[in-house]
Structure formats: C-alpha cells, structure tokens
Amino acid sequence: MSVLCILTLAVLGLAAGPQVRAASASAGTAPAVPAATAQAVPPGTYLYVGNSGDNTLSVVNTANPTAAVPGSPISVGAPEAVAVTPDGTKAYVVGNNGGISVVDTASDTLTSSLLSGPGHLGIAMAVDGRHAYITNSRADTVSVLDTSTDTITGTIPVGHNPYGVAAAPDGRHLYVTDNVSNSVSVIDTETNAVTDTIAVGVAPIGVAVTPDGSKVYVPDATSGTVSVIATAGAKKNEVVATVPVGTQPFGVAITPDGSHAYVENFGGNTVSVIATAGDTVSSTVTVQTHPYAAVASPDGSRVYVGNSNSDSVSAIDTATGAVSSFPVGVHPGGLAIGRVVTKAKTPYLDAVQAQLRQSSPGLEHTVWERTDGNALDPADPADPTSWILDVPGCFDKNPCKDRPGMTRFLGKIVANLSAAKHTIDISALGLPEFPGSLRFGIVPGIAFPDGDYYKSIVQGAHNALANQPAGGHLQVRFLMGAGYLPFSGDAPGYATKFVKDVTAGLSAGYAQRLWVNVAEMTTSAAVTIKIYTGPHTVVLPTISGATPSWNHSKLYVVDGHTALTGGINPFSQQYIDTPKPVTDMMIALKGPAASSAGKFLNRMWQWVCAQPKARSGDMQGVWIGANSGAGCLQHFPATDTATPGNEPVLSVASLGVGVQADDPASTFQLPAITDVQQANCLALTGSFKDLINNGKWATGTEARDFYTVNPDLVAQHALIEAAKSSIILSQQDVFGGCYGKLPFYRLPYMDLQLFDDLARKMAQGVKVRIVVSTPRQPDDYSVLDSLEQEEEGLRQRIMVVTGMDESQATQLMHRTLQLASLRTSEGSTWEGKQNGITCKQGSDSCTYALHTKLVMVDDKAFYIGSRNLYSAMEQDHGYIIEDAAAAQQLHQKFLDPEWKFSKDTAIVDWTTASGTWPRVDSVIQLWAPDADQPTVEVGATTQKGGAYTVEWGDGTSSDGESGQVASHLYSEGFGSYVITLHDKTTGDFSTQTVILTKQGCTFCTGNDPH
C-alpha cells in the first residue's frame, strides 16, 4: 500500500495503522534497466509478487514455492501492481513512482522501463493481451499501454484517485475504482471513454469481474463491505448486493469457475470467501498480517494472498480452506500469475505469422491468433494419436460397419460438452431444408445437426447443465451457414426443441438456466455477371446477395478451453446412416487456441446480432432463434485460462464476403499472376474468380481486400511456400472444375496462387502428393470428370511459372508429383446396404468421398480445418500446428493408410513414373558481387550411375558423371535459363529452371556469393 493511499484513507477516516508499504524510488523516475545474464526459466506456472519495501519482483514457482527461481528477485521501481500477458511472455510491474517495468518471463530479466503517469496503483491486462490499462492515482486518469510496442497510446480521464482496474472478458469494458469519489468508472475500450459512473461504498480499492462477465466485485475499504455490480439486464451497472466482510477489505480475487470471490481484509488479517451464487460469505480464512491483494491459480485450486506486513504469501486451498505460507520480499502487494512455456524453433509458424501480420494485422486476436501453451487432446488416454478424429476409421475394412472413428468422434463431443462450466459454442454448415442438396435432389437438406450428431450434442449439454452450481447458467450458441437463406430451417423451432431435449429429466427451473441462440446466416455482396458464349455476351442484372458467402466452419468450443475443428459436417445421412460414409477429419486440442477459435465465433456473432431479421426472399441476413430470456449472445468469454501444454498453434479463420470489406491496417499486395484466364474455362467475368485471382467485383471490391479479411487463405499459401522438401494435400478437391458439373453455387475455377506455388516448389525439387475425392460422381464431393483435368491444370501453370514447354513440364511432374483419388480399401467402391441404399447397384454410387482439408509440409507442420484449397468464399476456421511428432502421428493414423490404398489410382507417381532419371540433386549459384557472369554447379544422379550431358541454358553443353558436380560459367550473364540433363546410358532426360540474379538464384538449392 503506497504512502498516497495511506494518506487518502486517513482523510476518509479509515485508521490506516502503521505504514506498511513505502515506495523508495522518487516519483517521476524510471529505474534503469540493469545488465543481466539471462537464464532459462523452467516451464511451469509462476507467481509474480511486487515487493514495495525493497523495490523487487519475486518470482515463485507454484509447483515448489520455496525453491529458488533463476533471476528472482528482479529489481524494479516502487512496485504496486503486476499483470502478465495472456501468452505468459511478459510481466508488467507498475510503480508508485510512475514507472512501468517490463520483465521477460522466460529469463526473468528486466528488459525495459518507461514512465507513464504519476502514482500507478493498478494494472489490468486486456483479454487479448494487446493492451494494458494502468491507473494514475495522482492524475485521475487511466493510461493505455500498447503491449506490442510498450508505448502509451492513450489517456482516459476517470474519477478522483483511481486505484484498482479490471478488464471484462468481453474485451469491451473496464471497471476502475475511484477511491476518493466512492465510485466505479465504466470505460468502453473501443472509444476509450467513460460511459457510466456507479456509486459504491466508501473508499473502493480492488475490483474483479466474474469469468462470465455478469458481475463486478468491489471491496469498500472504509465501509467494510463488498459492492456487487450487475453488468447486464434490467439493473445493468447498478449495485445489486452489498456484502458485509471483514475490516478494511482491500483486494479481491475470483476463482476461474466464478463460484467464489476471495476478499482480503487488510485490517483483520483474514480473507472472506463469498459464494457468488447468493452473494453471501460462506467462510472466513485467517492468513498472516495485513493481506493486501490476491490472485487465483489458473486451475482454481489455490488462491494466493500477499501479506504486506509479514513479507509472505499465503496459499489457500480452495477445496479445503487449508492455508500454507512462504516468504517473499519486503511488503508484498500486487500479485499476478502466468505460465512460462518452452518454445521450440518454429520456422513454419514464424513464416506464416509474418505474412499474416502484413495481410491482416488488424484481425490479429480476433480472426487469427498465435498462442503457446496448448496441448493436443486425445479422445482415448490410452491412444496418443486419438486427438486425430478421422471418420469413419475404416481403412482396410469393406464394408464399413462398426465405424470406430465415428464412435470416437461422437464420444469426444459428449465428453467435451459435458465438461462445460459456462459456454458451448457450435458452428457448422447447414443445407437448405427443401428436398435438395449439393447435387439437386440426391439427399434431403439438413439445416442443423441431426441424427446421432444431435443426440451427442444434447447429451453433452444435458450433462453440463445438470452439473451447474446453484444459480449458475449454461450458454449455448449454434451458428449455421445457410447456402440459400430463403430455404433455411426453422431456427426458433430448433432452439425450442433443443431446450426441451436438454432439460428432459431435470427440474423445471433448469430451462431458465439454459440460454440458447440458434442462427442461420448468409453474407453477400452485389455482383454483375457476364457470360461469354462464343460470339454472344449475356449480361445479367446486378444482383444483391448473389455471391453467396456463409459459415462453413465446423467448431465445438467449450469454455474457450477445448476445441474440435476440421471438416466433418453434422449430416448423419452422409456420414452415419449410409453404407458409403464420407472420409473426413476433425482434431481435438485444449488451451488458449480454443479461446482463439471462440474469438472468431464472437466476431461472427457480432455480425449476426447486428443484422435485422431476414425477410422470406432475402439472400443475405439472419434467421435466429433464442429461448426465452437469452437475447442475442454476441460474446462468449474465454473463461478458462489454463495452458495445459507447450504446443504453439496458429488459429486462422476467414470472414468470407460481406462481414467486413477489408483490413485498413493491411500492407498486403497480391502477387503478380499471369494468364489469369486459365483459372476459368467458362470465362465468367465479374464472378467469384476475380476475388481469388486479381480481379474486382462490379461494386469495386478488390481481390486484395478480400485477402486481407480472409487470413486463413493467406496462411495456407504461406505454409505451402515455406515447404523445403515435401507437400502433402488431402482434400475434397484442389480444382473447382468447370467441365460440366456446375451447381448453382459451385465455383468453376482454380486458385492460381495455389497452383503457382505448387509449380514453383516442384521446380525446386519439392515432392508433392495430392489425394482428392473420386471424380465423376453424383455425390458432389468432386466436381471434375477425371484426375487428368487436375493434372492438366497443374501442367499449364508449371509452363507459365517456369517457362518450360509441355514436355519439360510433364517431365517435372513425373519427378515430383503424386496425384490420386481416395481409396480406403482394395475395392473401388464401398460394399453393404443401409437405409435403403445398396452398394453395387447401378442406381447407387458407392464410390469413396473425401472431405478432409489437410495440408502438411516437410512432415513438420500442418493445417487442419474447414478451408478448402479449391477457391471458396465462405467463413472458415482451422489450426496450423508445427510439431514433427504430431505430424508423424498424422502419417501413422491417416496419411500413410490413405496413400497405401489410394496410390493404385494415381495417374502420376514420382516413385514409379518414367522420366524420374536423371535426378537433379543440387543447383548452386556462385558469383562475385561485382561480376557480370555467374557460375552454376549442378549435382546429379543417373539411373545406372553413368555419365550425362548438361545442356546449359545459354546454348552450350558439357558432360558430367553421376554423383559428381558439373560446373559452368554462363556466357550471357544473369537471367532465366532451363538446364537439361540427358542420361547417356538410358536416353532419359530431365530439366531444371534457374533464375540467376545478383541478389541470388530462384529455384536453386543454394547460393554462394564470394
């Protein structure tokens, strides 16, 4: 407690007792950053304690509180309060001297210090970690700190002598205790302005918000009470309860489950435990002298209390109430807790993140986000690969009866949802309710999860609701994409049925404790379509809502802590109630990346809740249903901040078209693409292709703008561009073909950036494997008539990108490409009979359908989600994970069995195709900085170990020997050349394009300036 606060409390008539916290650094002086030798801090959960009596920060390993921690204690300036970033990488210590100390938690070293304003007494970290908010008690303001640059970017006037500050989980509101004004200021973080002032008791100091954001707890030091403020409903921003506690209540901490608030009674040496359901004191715990502030552990098992006059911290066991204490520095006050994780080198994630910070910097922490501390989440603890939820799980089984993969997936849904304490967030694709489907009339539409999917969701939600503590409630959202909004399903009816089914067997009161939203949504932008048919041009009127764009993500997010994501649609008749199940995949993880997915869904619901109810003929808008009292659930907080592992994860999503026009902060530029007409053989201009391949809408929307609000598309391109040796694609399709099958919303073109990336990588010797759904089938999982169409599309782009002729491009594909359609057993079709469908009858197609969206590079990093690699406009989500061990598990569980059976369908396979030899092993450019002519060294291997001839691109030739290097000085200097190798023994040849410049060599394996 600072000198200022002691004087303030004395003026208010509160007997302060002896001065227990004194700031020795003079006001207005930032401490110098001392030279320090960084030491690695072991991974774990750490407590950070500011000690005002000796100007230090104690770092405590919560697993062993008395053990020494490298670097602790750390010299800081007059510490009053502490906050840690959500990723655990930095701790901020604010001082009564006006200084802010920034600490690197991985090494526990002070990295910088800055001045903000006079008399810092409190600090709160925004839930996304982008800003910290610091109270300036002697200036009656709150400073806004940008944590990416560690600079003050704003100042907000508040009441007199602001002390504590807390950030609401909605990311939109701050609550500041105005100590002398006896009030709480409510700040809108989007405008950085006070929107309300709430009168509370005398001399409020601490403040805390419940994890669900519903209530704010404020200890009133002189009144000896805690004021409880409602944040929503009829009594929004009013005190709804006043709870008597001990003498001089200063601080407050709320457990992660929101069930209890722990209030530190400075004058009574006790902690009052308030049960938040009824706002009554359930117990009182005695600690040491002058408890000042507290913080709860991420798992809720402990509450740590700083005892200012005992130079100690007391740890309260929240289950038993038992207290243990350990020493820290002199006069401990502000406390914070965070997790240090071991960070491995992540070149692939780094490359993708760097690209996203150019394309979509303004969408970081909402639509895309990188987090550490995650863990892959096996469905079966005995099977470490069971975080991979592949369905049906029938490799080498035909017919596919038991479907172990589907059993495991549905069981994981039930398990995750049953553990929900606060929120369940579900998103999926929905199909029109009128009889029809992706292929007009094959399958009835499915607007919502049905069959066993629905039963699993209901069971999980029922279990979670039944386990809610007294007074608690469960919030559930369904966000369904509507491909054709006028024929969407009955969202209000589905919400009503869901509440009825979930509460079956529970007492009547549970229906009011279940808040449900069901929404179907379609976004769009106006477009003019011109169709060229030979000599005639048909121009259609401009159509509003003709894009179309809709939610295509498949997510099950619980409490912002666990998540399932991937490609599996909740359509029982395509996955379960059929003898020909779709092959697909979700993955399970837990940790902050689940919260990242929840932030994306919050962004989508922000759009949903802002839409007027759609009319019957509207092509854009929302059909929404909610049970009584739920309102529009625009924001779900991340209520669980635990970091269960060390897995770095990039959560990447997209806003499609119509949610947001662009990212104004973006510096992204589209790569140059030539021969754009190859993208679309129907030559539709003004259509979808333009937003993928450099064009614009008739309304002026630029392709570049589309990319800035669809970062998952940029991320997949960047991941493929980072590949060094291999690329594996398991996809529904990579080519939105226009060879005859054109449903009304199908995209008849290919993503030229993707094909150009693949072409460049193949020219560099990177091996590419592509497995897609079976072509020429009425199930619509492939739009092509044959794999040869995909092969030809890639061949044409190789010719465009490298300058090769058709023969050379074919040779390159023979050396580097594997292209096949899915098989999961020896047969070419499924066998069996189910629900009136009999395989092997002429009227039924039981070929293999593939719906996975998986990209793996170099067997080290991979993307799994809902984003297709063929051009698409929907809202999607997925994760990029860099983990060689997890990649190996993906091989073992799915990719290797997939290729084992699919390779028999391959029309190109570099392991068996002719033209593989002679093989180019290396190409290195040598040059002096002032030279006009470069030298190139080529290393090659022939099939039988003999000689070869090199035809250099400047018209000369020379001989080489297998396994040796052939060298050549280019007579024509720098430029683009095609090297051709001829095997003298077999007559085979192969080519390699090189582009030589003074800055380096494109398509070379190495460069050596000298």
Side-chain angles (χ1 to χ4, degrees), residues 1-2 5-6 8-18 20-21 80-81 121-122 124 135 137 161-166 175-184 198-210 215-229 239-255 260-276 278-296 303-310 313-314 316 318 321 323 331-335:
M1 182 176 178
S2 66
C5 184
I6 292 293
T8 301
L9 295 176
V11 169
L12 294 172
L14 174 64
V20 296
R21 292 172 55 78
E80 285 289 339
L121 294 180
T135 57
S137 61
N161 191 29
Y163 205 118
V165 56
Y175 298 88
V176 180
T177 55
D178 306 317
N179 181 258
V180 172
S181 300
N182 301 330
S183 62
V184 171
I198 306 165
V200 291
V202 180
I205 294 182
V207 59
V209 187
T210 56
K215 291 191 286 189
V216 180
Y217 287 76
V218 181
D220 309 308
T222 298
S223 301
T225 59
V226 172
S227 297
V228 183
I229 300 169
V239 175
V240 293
T242 301
V243 186
V245 287
T247 304
Q248 299 176 359
F250 277 13
V252 58
I254 298 176
T255 54
H260 292 87
Y262 286 71
V263 181
E264 290 67 58
N265 302 308
F266 182 84
N269 303 331
T270 61
V271 173
S272 298
V273 183
I274 298 175
T276 58
D279 287 327
T280 58
V281 174
S282 60
S283 64
T284 301
V285 180
T286 300
V287 289
Q288 297 188 355
T289 309
H290 289 162
Y292 178 76
V295 65
V303 170
Y304 296 95
V305 179
N307 303 303
S308 185
N309 247 28
S310 297
V313 168
S314 292
I316 302 173
T318 57
V323 178
H331 299 330
L335 290 83

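Bear in mind the structure is a predicted one, so any value in this text is a computation, not a measurement.
- For Thr289, the side chain to side chain contact (heavy atoms under 4.5 Å, CB included) criterion is met by Asn269, Asn309, Ser310, not counting sequence neighbours.
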side-chain contact (heavy atoms from CB on, under 4.5 Å) between Val207 and Val218, worked out: CA-CA 5 Å; Val207 59; Val218 181; 4.0 Å; yes
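- Between the OG1 atom of Thr286 and the CD1 atom of Ile316 there is a distance of 9.5 Å, given to the nearest 0.5 Å.
- Of the residues Val245, Val200, Val202, Val226, the one that meets the side-chain contact (heavy atoms from CB on, under 4.5 Å) test with Asp220 is Val200.
- Separating the CD1 atom in Ile205 from the CG atom in Leu121 is a distance of 9.5 Å, to the nearest 0.5 Å.
- With hydrogens and angles ignored, the 3.5 Å screen pairs no side-chain donor or acceptor of Thr177 with any backbone N or O of Gly206.
- A donor-acceptor pair is defined here as one N or O able to donate and one able to accept, closer than 3.5 Å; no such pair exists between the side chain of Thr222 and the backbone of Ala203.
- Looking at heavy atoms from C-beta onward, Pro204 lies in side-chain contact with Asn182 at the 4.5 angstrom threshold.
- The two residues Asn265 and Pro291 make their nearest non-hydrogen contact at O-CG, 3.3 Å.
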Chi angles and distances behind the side-chain contact (heavy atoms from CB on, under 4.5 Å) call for Thr255, Tyr262: CA-CA 8 Å; Thr255 54; Tyr262 286 71; 3.8 Å; yes
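- Of all non-hydrogen atoms in Pro219 and Gly251, the two that sit nearest each other are CG-O, 3.8 Å.
- Residues that satisfy the side chain to side chain contact (heavy atoms under 4.5 Å, CB included) test with Ala294, not counting sequence neighbours, are Ala253, Glu264, Val303, Val305.
- Here the closest non-hydrogen pair linking Ala208 and Ala166 is CA-CB, 4.1 Å.
- Residues meeting the side chain to side chain contact (heavy atoms under 4.5 Å, CB included) test with Thr242, sequence neighbours left out: Thr225, Val239.
- The shortest non-hydrogen separation linking Gly201 to Ser227 is N-OG, 3.5 Å.
- Heavy-atom minimum distance, Thr135 versus Tyr163: OG1-O, 2.8 Å.
- Across every non-hydrogen atom of Gly224 and Pro249, the tightest pair is CA-CD, 3.6 Å.
- The aromatic rings of His290 and Phe266 sit parallel to each other, their planes meeting at less than 30°, with 60° as the upper class boundary.
- Atom NZ of residue Lys215 and atom CD1 of residue Ile254 lie 9.0 Å apart, to the nearest 0.5 angstrom.
- Considering Val180, Val184, Asn179, Asp178 as possible partners of Pro162, the one that fulfils the side-chain contact (heavy atoms from CB on, under 4.5 Å) test is Asp178.
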Test log, rule side-chain contact (heavy atoms from CB on, under 4.5 Å), inputs Val243 and Tyr217: CA-CA 10 Å; Val243 186; Tyr217 287 76; 5.6 Å; no
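- Ser314 places no side-chain N or O within 3.5 Å of a backbone atom of Val323 that could act as its donor or acceptor partner.
- Taken from CD in Glu80 to OH in Tyr292, the straight-line distance is 4.5 Å, to the nearest 0.5 Å.
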